[in-house]
Amino acid sequence: MSNMEKQLFNLKIATKELQRNSKKCDKEEKAEKAKVKQAIQKGNMEAAKIHAENAIRQKHQSLNFLRTSARVDAVASRVQTAVTMNQVSKSMSGVVKCMDATLKSMNLEKISALMDKFENQFETLDVQTAQMEDTMGNTTTLTTPQNEVDTLLHEMADEAGLDLNLELPAGHTSSMASSVASTEQDELSQRLSRLRDQVS
């Protein structure tokens, strides 16, 4: 097995590992959402907010792993073609030298930088790098969007059969907020489901 074939195997392994990490984050998100509901039922809104922030953070991290997995998979396909057609360039071979440690690190920024180097070797890209980087940049922040946290709090309160008396924009009732929260959550779930379908 050539060095490039070995690294192609590593790329495929990394794709699966990134998908596994995405699923772990999904489980953590569900666990945090359950804690949100429990905290609301106990009337502990401060704890509910913290768990809601954790849930939103896990959701974003899951999507980041999923996106990176799709990107690595796309690069693996391009490398496979290059190997099959015996079109592996010297510059492409040079990129693989630091691959092992980078892929094993599961560090999304390092893996993204490595994929940049690979993609520069290809004339056409299966994944648009600029678009992917914009999306990654918007979702890797450590802060959590307040509107998403509020939405999750209302959703969990609604499931628990309780009414939250949080400050809402003028003209909006708690029930309307819960309805909007459910709609937004459904849309998020559908988008995540479509992403997973594309990856699998």
Keeping the roles fixed (side chain from [X], backbone from [Y]), state whether a donor-acceptor pair exists under 3.5 Å.
{"X": "S22", "Y": "L18", "result": "no"}
{"X": "T102", "Y": "K110", "result": "no"}
{"X": "T151", "Y": "N147", "result": "yes"}
{"X": "S112", "Y": "L108", "result": "no"}

From [atom1] ([X]) to [atom2] ([Y]), nearest 0.5 Å:
{"X": "S77", "Y": "L8", "atom1": "OG", "atom2": "CG", "value": "8.5 Å"}
{"X": "Q19", "Y": "S62", "atom1": "CD", "atom2": "OG", "value": "11.0 Å"}
{"X": "F65", "Y": "K24", "atom1": "CZ", "atom2": "NZ", "value": "8.5 Å"}
{"X": "K16", "Y": "N21", "atom1": "NZ", "atom2": "CG", "value": "14.0 Å"}
{"X": "K35", "Y": "N54", "atom1": "NZ", "atom2": "CG", "value": "8.0 Å"}

Derivation of the side chain to side chain contact (heavy atoms under 4.5 Å, CB included) call for H154 and D158: CA-CA 6 Å; H154 280 289; D158 191 46; over 6 Å; no

Side-chain touch [X]/[Y], heavy atoms, less than 4.5 angstrom:
{"X": "L11", "Y": "M115", "result": "yes"}
{"X": "E155", "Y": "K33", "result": "yes"}
{"X": "L114", "Y": "L103", "result": "yes"}
{"X": "Q41", "Y": "K37", "result": "yes"}
{"X": "N64", "Y": "Q61", "result": "yes"}
{"X": "V79", "Y": "Q7", "result": "no"}

Identified side-chain hydrogen bond (donor to acceptor under 3.5 Å, both in side chains) partner of K59 from the options E29, E32, E148: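 Output: one option passes, namely E148.
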
SB check D73 R78 (cutoff 4.0 Å):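 The answer is no: the pair does not qualify as a salt bridge.
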
Chi angles and distances behind the salt bridge (Lys or Arg N to Asp or Glu O under 4.0 Å) call for E17, R20: CA-CA 5 Å; E17 186 62 26; R20 278 195 288 271; 2.7 Å; yes

Least distance between heavy atoms, I40 atom then A48 atom: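 Result for this residue pair: CG1-CB, 3.8 Å.
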
Shortest non-hydrogen separation from V149 to A52 and the atoms involved: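 Shortest heavy-atom contact: CG1-CB, 3.8 Å.
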
K12-Q80 side chain donor-acceptor pair, cut-off 3.5 Å: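 Looking only at side-chain atoms, Q80 and K12 do form a donor-acceptor pair, the distance falling under 3.5 Å.
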
Donor-acceptor pair between Q146 and D150 side chains, under 3.5 angstrom: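 Short answer, yes.
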
Cluster link V36 to I50, ILVMFWY, side chain under 4.5 Å: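 No, no single cluster joins them.
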
